[in-house]
Amino acid sequence: MSFTFASWNVNSIRQRERHVLDWLDRVKPDLLCLQELKCETGVFPASFAEAGYHPVVVGQKAYNGVAMLTREPAEVINLSLPGFENDASRYVELRMAGMVIGNLYLPNGNSGGAAGFETKLNFLDALAHRAKELLEAEEDFLFTGDFNVCPTDEDYAPGALSPDDALLRPESRAGWHRLLWLGLTDALRALHPTGRHYTFYDYQNAAFQRNAGLRIDHALLSPRLAERLVSVTPDRDERARDQPSDHIPLIVTLS
DNA sequence: ATGACTTTTGCTAAAAGA
């Protein structure tokens with residue numbers, strides 16, 4: 001019995017409704033985690049439920065917004081990240097198939113000056129605290145979503161970011177590595193230790209055609225789940241469609 | 001080059017994204 005989930009920052013669910021429906025029909029995952037809905041909860045498209053998926057939606061006007069679509073009903077655990085004092089819709093967590101699964105959209109950290117960057121670090125702190133809680137409770141769990149962190153210099157194309165970008169600042173990377181030091185596994189690098197495996201391509205300057213991307217969408221697995229890891233695939237085909245999101249789906253299969 | 005795209009918004013511009 002395997003379990004397939006994916007993370008996808010869709011950059012407006014209303015603009016990408018058709019893409020997501022087609023993708024669900026093609027991939028048929030057990031769970032799809034969405035970020036950057038850019039719509040209020042009440043206007044989240046009904047078509048996904050009509051296609052047989054159970055939606056858990058945390059939206060807001062204009063910005064942010066996360067949702068989880070599950071093939072089987074799931075138990076909602078959190079509609080925000082415990083310990084992150086902020087009203088932006090950036091986290092939703094549920095329990096299904098014996099796992100706790102957190103779907104997150106981390107602040108980019110490049111806007112809003114020092115306070116904006118601090119908000120990003122606060123989110124990473126709260127995420128580490130949540131990981132500790134789940135480890136102490138001996139839960140099998142995973143975090144997936146748009147982390148807005150390039151973990152290493154191999155995770156972005158040369159020249160794709162300025163050297164002081166919030167995606168690769170030492171403080172951002174320290175927040176990421178703190179999660180690894182707790183014992184979580186970076187799913188993609190566990191199976192593909194080297195090489196370019198990007199999940200985002202800027203709309204500008206033909207970034208996709210030049211493979212000038214970033215690896216910022218991730219899945220972090222608790223120890224027992226890491227042992228079940230079968231495959232991790234950034235779905236590049238999706239970026240070649242008409243009017244795509246700038247992010248592509250990251251597909252993960254567990255045994 | 002404080003830009004280039006794309007989306008959303010009190011929408012004939014600005015802000016945010018990354």
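Below, chains carry the letters A, B, ... as their sequence lines are ordered, and counting in each starts from 1.
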Side-chain N or O of [X] closer than 4.0 Å to phosphate OP1/OP2 of [N]:
{"X": "A/His247", "N": "B/dG17", "value": "no"}
{"X": "A/Asn148", "N": "B/dA18", "value": "yes"}
{"X": "A/Asn11", "N": "B/dT6", "value": "no"}
{"X": "A/Gln15", "N": "B/dT8", "value": "yes"}
{"X": "A/Arg14", "N": "B/dT7", "value": "no"}
{"X": "A/Tyr201", "N": "B/dG17", "value": "no"}
{"X": "A/Ser12", "N": "B/dT8", "value": "yes"}

Base, sugar-phosphate, or nothing: which does [X] touch, judged by heavy atoms less than 4.0 Å apart?
{"X": "A/Phe208", "result": "nothing"}
{"X": "A/Glu36", "result": "sugar-phosphate"}
{"X": "A/Leu161", "result": "nothing"}
{"X": "A/Asp217", "result": "nothing"}

Atom pair distance, as rounded to whole Å: [atom1] in [X] and [atom2] in [N]:
{"X": "A/Leu34", "N": "B/dT7", "atom1": "CG", "atom2": "P", "result": "16 Å"}
{"X": "A/Lys38", "N": "B/dT6", "atom1": "NZ", "atom2": "C1'", "result": "7 Å"}
{"X": "A/Phe117", "N": "B/dA16", "atom1": "CZ", "atom2": "P", "result": "17 Å"}
{"X": "A/Lys120", "N": "B/dG17", "atom1": "NZ", "atom2": "P", "result": "10 Å"}
{"X": "A/Tyr105", "N": "B/dT7", "atom1": "OH", "atom2": "P", "result": "14 Å"}
{"X": "A/Tyr63", "N": "B/dT8", "atom1": "OH", "atom2": "P", "result": "11 Å"}

Task: Span that lies between the C1' atom of B/dC11 and that of B/dA16, in whole angstrom - done: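 Rounded to whole Å, the distance is 16 Å.
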
Open item on the list: Could you tell me how far B/dA4 sits from B/dA15 if I compare only their P atoms? Round to whole Å.
Closed with: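 The same atom, P, in both gives a distance of 14 Å.
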
Out of [options], which nucleotide sits closest to the side chain of [X]?
{"X": "A/Ala62", "options": "B/dT8, B/dC5, B/dA18", "result": "B/dT8"}
{"X": "A/Lys61", "options": "B/dT9, B/dT7, B/dA18", "result": "B/dT9"}
{"X": "A/Gln204", "options": "B/dG17, B/dA4, B/dA18", "result": "B/dA4"}

Look at the aromatic rings of [X] and [Y] and report parallel, tilted or perpendicular, splitting at 30° and 60°.
{"X": "A/Trp8", "Y": "A/Trp23", "answer": "tilted"}
{"X": "A/Phe123", "Y": "A/Phe84", "answer": "perpendicular"}
{"X": "A/Phe44", "Y": "A/Phe48", "answer": "tilted"}

Task: Most 5' of A/Asn64 and A/Cys39 on DNA chain B, judged by nearest nucleotide - done: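 Nearest-nucleotide comparison on DNA chain B picks A/Cys39.
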
Task: Position toward the 5' end of DNA chain B (nearest nucleotide), A/Asp246 or A/Ile13 - done: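 Here A/Ile13 is the residue nearer the 5' end.
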
TODO: Flag this pair as yes if the NZ/CZ of A/Arg215 is under 6.0 angstrom from the six-membered ring centre of A/Phe200 and inside a 45 degree cone about the axis; otherwise no.
DONE: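 No - A/Arg215 does not lie over the ring of A/Phe200 by the 6.0 Å and 45° rule.
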
Open item on the list: Quick check with a 6.0 Å cut-off and a 45 degree axis cone: is A/Arg90 positioned over the face of A/Tyr105's six-membered ring?
Closed with: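 Satisfied, under 6.0 Å and within 45°.
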
Open item on the list: I want to check something: taking the side chain as every heavy atom from C-beta on, are A/Pro29 and A/Ile251 in contact at a cut-off of under 4.5 Å?
Closed with: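 Heavy-atom side-chain distance check fails, nothing below 4.5 Å.
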
